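Below is one structure, written out as structure tokens; the observations come after it.
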Amino acid sequence: MIKIFRYLSIAEGYSFLLVLFVTMPLKYLASIGEPNKIVGMAHGVLFLAYVVIAILVAQILKWNFKNTAIVVLMSVVPFGTFWMKDKYLPAQD
């Protein structure tokens with residue numbers, strides 16, 4: 001589960017950056033909204049999966065409420081999931 005969460009945090013982070021820096025400017029500056037719909041939906045699914053699996057991993061790793069809240073909140077901070085992965089998840093085997 002931890003390995004899955006590690007990969008999911010990377011995917012969620014990239015999807016967030018893609019929405020923020022590519023599809024949002026396309027939508028609002030160039031009036032091209034279709035990429036935002038597609039990438040936005042994928043990002044939404046990844047975000048929800050991130051939050052659910054973060055809570056499951058918190059139980060496995062016995063995180064306290066503060067650490068769990070920080071890990072969940074990192075999903076709404078640009079580059080946050082990348083930092084979280086290195087700070088809160090054990091080193092990969």
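Here the structure is a predicted model, which is why all the values come from computation and not from measurement.
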Count I, L, V, M, F, W, Y as connected when their side-chain heavy atoms are under 4.5 Å apart, and connections chain through other members. Are [X] and [Y] then in the same cluster?
X	Y	value
Leu8	Leu18	no
Val39	Met41	no
Tyr7	Ile2	no
Leu73	Phe47	no
Leu46	Ile38	no

For [X] versus [Y], what's the shortest heavy-atom pair and its separation?
X	Y	answer
Asn67	Asn64	N-OD1, 2.8 Å
Val19	Pro25	O-CD, 4.4 Å
Ser15	His43	OG-ND1, 2.8 Å
Ala54	Trp63	O-CZ3, 4.1 Å
Pro90	Leu61	CD-CD1, 4.0 Å

message: As a quick check of understanding, evaluate side-chain contact (heavy atoms from CB on, under 4.5 Å) for Ile10 and Lys85, giving each step before the final call.
response: CA-CA 8 Å; Ile10 294 167; Lys85 175 184 62 67; 3.7 Å; yes

Decide yes or no for [X] and [Y]: does some side-chain heavy atom of the first lie under 4.5 Å from some side-chain heavy atom of the second?
X	Y	value
Val77	Phe16	no
Val22	Pro35	no
Val71	Val57	no

field: Intermediate values then yes/no, side-chain contact (heavy atoms from CB on, under 4.5 Å), Thr81 and Tyr14
entry: CA-CA 9 Å; Thr81 58; Tyr14 280 125; over 6 Å; no

- prompt: Rounded to the nearest 0.5 Å, how far apart are CD1 of Ile53 and CZ of Arg6?
  reply: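 The CZ atom of Arg6 is 14.0 Å from CD1 of Ile53, to the nearest 0.5 Å.
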
- prompt: Taking the six-membered ring for Trp, are Trp83 and Tyr88 parallel (under 30°), tilted (30 to 60°) or perpendicular (over 60°)?
  reply: perpendicular

Derivation and outcome, side-chain contact (heavy atoms from CB on, under 4.5 Å), residues Ile70 and Met84: CA-CA 8 Å; Ile70 289 169; Met84 177 287 306; over 6 Å; no

message: With side-chain contact (heavy atoms from CB on, under 4.5 Å) as the criterion, how do Leu17 and Phe82 come out once you've worked through the C-alpha distance, each side chain's angles and the decisive distance to 0.1 Å?
response: CA-CA 11 Å; Leu17 296 176; Phe82 304 116; 3.7 Å; yes

